[in-house]
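So that the names make sense, note that chain A is the first sequence line, chain B the second, and so on, each numbered from 1. Bear in mind the structure is a predicted one, so any value in this text is a computation, not a measurement.
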Amino acid sequence: MLTLKQIYDSPEQIVAGLEKKHFADAQATIERVMAIDAERKAAQQKKDAASAEMNKISKSIGALMAQGKKDEANAAKAQTGELKQAVATYEQEMDTKEQELTNLLLTIPNVPYAIVPEGASAEDNLAVVLGNWPNRPMADAIAKNGAVALRDWDSATDETIAAERIAQSEKLPHWELAKKYNLIDFDLGVKISGAGFPVYIGQGARLQRALINFFLAEANKAGYTEIMPPTVVNQASGYGTGQLPDKEGQMYHCEVDDLYLIPTAEVPVTNLYRDVIIDEDKLPIKNCAYTECFRREAGSYGKDVRGLNRLHEFSKIEIVRIDTPEHSDASHKEMLAHVEGLLKKLELPYRILRLSGGDMSFTAALCYDFEVYSEAQHRWLEVSSTSNFDTYQANRLKCRYRRNEDKKVTLCHTLNGSALALPRIVAALLENNQTEDGIRIPAALQPYFGDDMIR
RNA sequence: GGAAAGAUGGCGGAGUGGUCGAUCGCGGCGGUCUUGAAAACCGUUGACCUGCGAGGGUCCGGGGGUUCGAAUCCCUCUCUUUCCGCCA
């Protein structure tokens with residue numbers, strides 16, 4: 001959540017930022033925050049004064065008792081009744097205001113950075129990079145403007161057109177290929193678990209393992225420490241990274257033990273640093289983790305969820321960084337370069353979008369999505385979301401560091417990104433690399449897969 | 001599942017009703033010594049809220065209670081460790 005300091009330092013900027021994020025009633029909400037806080041302070045001042053008085057009397061009683069002046073001690077005791085009542089009253093008022101304030105702050109999203117595009121939805125995202133694109137449709141149009149608004153050139157993502165193209169395309173969608181080469185059995189998954197839980201078989205399973213190892217190896221090369229965290233977390237962790245309370249319905253919940261299946265490794269890996277004060281010398285912290293991710297995806301249905309496009313359980317390698325405010329932007333860029341490097345090595349056509357204010361997640365200050373182009377579905381598939389949360393998450397987590405300069409305890413910046421999520425990568429790999437002889441495995445992946453083709 | 005013990009500052013670990021925000025050790029920081037470093041020695045070192053400041057307040061796992069006064073006593077919850085049982 002935002003800190004009060006941020007709000008007091010520049011209320012107008014915060015309001016403008018919230019409006020950019022399409023948060024309703026920004027002005028009124030910020031004014032309310034300050035009003036409640038003023039009430040809280042007033043209550044605290046009254047309470048502090050009463051407590052100070054109380055402490056003084058208590059101390060004097062101790063002294064009087066020690067000197068054996070029992071009568072005077074008893075006289076002092078008699079004075080405390082009213083004071084005690086006053087302390088209790090003010091204290092309760094203070095607690096109420098504090099709770100009210102926290103509850104309100106929790107409803108306020110993070111404020112986007114200046115370079116975040118204006119806009120309410122995905123339509124307004126800004127394509128900043130297009131890669132591995134030569135000899136593909138629309139190349140010319142795109143070459144002219146390296147960075148253009150998505151809606152100018154991306155009519156191919158329109159669902160109705162896509163449906164027609166699938167019908168016309170000589171390329172098979174991945175769910176057909178999965179069947180043809182016996183890589184994934186969706187029906188078996190339905191039988192043992194339910195829709196959205198595919199069973200990977202033979203070369204399909206081997207491809208999963210190859211990708212996991214490839215992504216982890218690349219992350220290790222880039223200096224990320226591999227973590228293997230639990231995939232089940234407690235409530236406090238859910239609150240720490242912001243999945244709770246608002247996204248409660250998106251997580252699987254084991255009620256008997258009140259534990260949650262993680263929707264991303266971000267949750268356990270970032271919560272490693274909850275309630276921690278880190279030495280500045282240890283920053284930046286660079287961790288990576290492969291985990292299974294579990295998402296209920298309540299309410300999604302239809303063509304979007306076909307095949308591997310949207311699953312309840314999937315494998316993902318996540319990179320998580322904790323850094324100083326001064327260095328977090330450079331950290332973010334390094335992460336973007338890392339993720340882009342993976343897509344280059346996989347030889348998949350991709351684009352990088354800077355998300356608009358309205359399309360960003362609640363907690364992000366700056367977010368880039370990576371999408372790969374699926375040549376049978378004629379759609380862009382999101383495979384990574386790489387965000388800087390500024391101090392927003394750290395404030396909730398109480399993740400702080402001790403500055404070398406003045407030894408002050410300061411909130412860290414947290415960042416994370418997928419590097420990468422497997423299912424849609426697999427979808428694109430299968431669809432884009434299909435040949436008459438089988439599915440070509442990109443050179444970088446061959447050592448991990450152990451072959452150059454799926455046959 | 002049964003039994004017992006425990007939860008204290010960055011870490012370890014004292015403290016069983018009144019200058020205890022907390023002895024001490026480690027670590028950190030400053031200094032002496034040294035060409036420099038190490039060692040040794042001396043000093044210093046919690047977080048948060050509030051106030052222009054002086055200062056005031058809160059915090060010894062969470063919550064509640066007793067008391068003029070609680071790290072210390074009582075209740076309760078959570079978690080951890082050990083032993084037994086079960087078991088990959």
Side-chain angles (χ1 to χ4, degrees), chain A residues 1-9 33-105 228 230-240 244 253-260 268 271-283 285 322 324 391 394-412:
Chain A
M1 58 187 175
L2 296 175
T3 63
L4 284 171
K5 187 172 186 323
Q6 286 175 295
I7 292 172
Y8 280 116
D9 281 352
V33 167
M34 298 201 276
I36 295 172
D37 186 52
E39 289 167 11
R40 193 199 99 240
K41 282 181 189 171
Q44 178 174 352
Q45 279 163 13
K46 286 189 279 186
K47 188 240 145 192
D48 283 358
S51 289
E53 184 66 21
M54 190 75 191
N55 289 341
K56 215 190 276 176
I57 294 175
S58 286
K59 251 180 204 172
S60 76
I61 291 174
L64 291 170
M65 296 290 258
Q67 293 165 30
K69 300 179 181 169
K70 263 212 159 151
D71 293 347
E72 289 179 48
N74 283 330
K77 278 190 199 181
Q79 298 174 22
T80 59
E82 243 176 82
L83 261 178
K84 211 175 163 185
Q85 189 53 46
V87 170
T89 308
Y90 294 139
E91 196 163 36
Q92 197 180 17
E93 190 180 332
M94 193 176 121
D95 287 349
T96 308
K97 291 298 168 194
E98 183 132 25
Q99 191 58 52
E100 205 179 322
L101 187 62
T102 305
N103 288 344
L104 183 59
L105 284 172
M228 192 175 270
T231 43
V232 184
V233 296
N234 57 26
Q235 255 191 30
S237 298
Y239 278 97
L244 294 174
H253 184 206
C254 309
E255 281 184 28
V256 234
D257 299 303
D258 197 19
L259 294 170
Y260 295 84
N271 271 285
L272 258 26
Y273 304 94
R274 168 153 49 85
D275 293 322
V276 164
I277 298 173
I278 307 165
D279 287 337
E280 182 169 350
D281 296 337
K282 303 245 171 69
L283 299 176
I285 285 169
I322 302 193
T324 62
T391 58
N395 189 32
R396 263 200 199 195
L397 288 161
K398 287 222 170 43
C399 171
R400 296 167 297 174
Y401 73 103
R402 195 174 295 280
R403 281 203 307 231
N404 280 338
E405 191 190 344
D406 53 8
K407 301 295 162 196
K408 276 265 162 32
V409 174
T410 313
L411 286 175
C412 298

Whole-Å distance between [N] [atom2] and [X] [atom1]?
| X | N | atom1 | atom2 | value |
| --- | --- | --- | --- | --- |
| A:Lys5 | B:U50 | NZ | C1' | 16 Å |
| A:Arg396 | B:C48 | CZ | P | 20 Å |
| A:Lys408 | B:A47 | NZ | P | 9 Å |
| A:Gln235 | B:C79 | CD | C1' | 14 Å |
| A:Met54 | B:U58 | CE | C1' | 16 Å |
| A:Lys41 | B:U58 | NZ | C1' | 17 Å |
| A:Asp275 | B:C11 | CG | P | 11 Å |

Between the base of B:G57 and the side chain of A:Asp48, is there a donor and acceptor pair under 3.5 angstrom? no

Base-pairing assignment for [N] (Watson-Crick or G-U wobble, both under 3.5 Å):
| N | result |
| --- | --- |
| B:A3 | B:U82 |
| B:G12 | B:C24 |
| B:U58 | B:A47 |
| B:A40 | B:U32 |

Quick one: does A:Arg396's side chain have a donor or acceptor within less than 3.5 Å of a partner on A:Tyr239's backbone? yes

Which one, [options], comes nearest to the side chain of [X]?
| X | options | answer |
| --- | --- | --- |
| A:Gln45 | B:A47, B:G51, B:G57 | B:G51 |
| A:Lys84 | B:G69, B:G51, B:G57 | B:G69 |
| A:Ser51 | B:A47, B:G69, B:U58 | B:U58 |
| A:Arg400 | B:G57, B:A47, B:U50 | B:A47 |
| A:Ser58 | B:G51, B:G69, B:C48 | B:G69 |

Separation between the [atom1] atoms of [N] and [M], rounded to whole Å:
| N | M | atom1 | value |
| --- | --- | --- | --- |
| B:G17 | B:A70 | P | 14 Å |
| B:G21 | B:G30 | P | 30 Å |
| B:U45 | B:C24 | C1' | 15 Å |
| B:C49 | B:G10 | P | 15 Å |

Pick base, sugar-phosphate or nothing for [X], based on heavy-atom distances below 4.0 Å to the nucleic acid.
| X | value |
| --- | --- |
| A:Ala52 | sugar-phosphate |
| A:Asn55 | sugar-phosphate |
| A:Lys47 | sugar-phosphate |
| A:Ile61 | base |

4.5 Å side-chain heavy-atom contact, A:Leu397 and A:Asp275: no

Going by an N to O cut-off under 4.0 Å, is there a salt bridge joining A:Lys97 and A:Glu39? yes

Under 4.0 Å: is that the gap between some side-chain N or O of A:Arg402 and OP1 or OP2 of B:U45? no

Is a donor from one side chain sitting under 3.5 angstrom from an acceptor on the other, for [X] and [Y]?
| X | Y | answer |
| --- | --- | --- |
| A:Tyr90 | A:Asp48 | no |
| A:Arg274 | A:Ser237 | yes |
| A:Thr3 | A:Gln6 | yes |

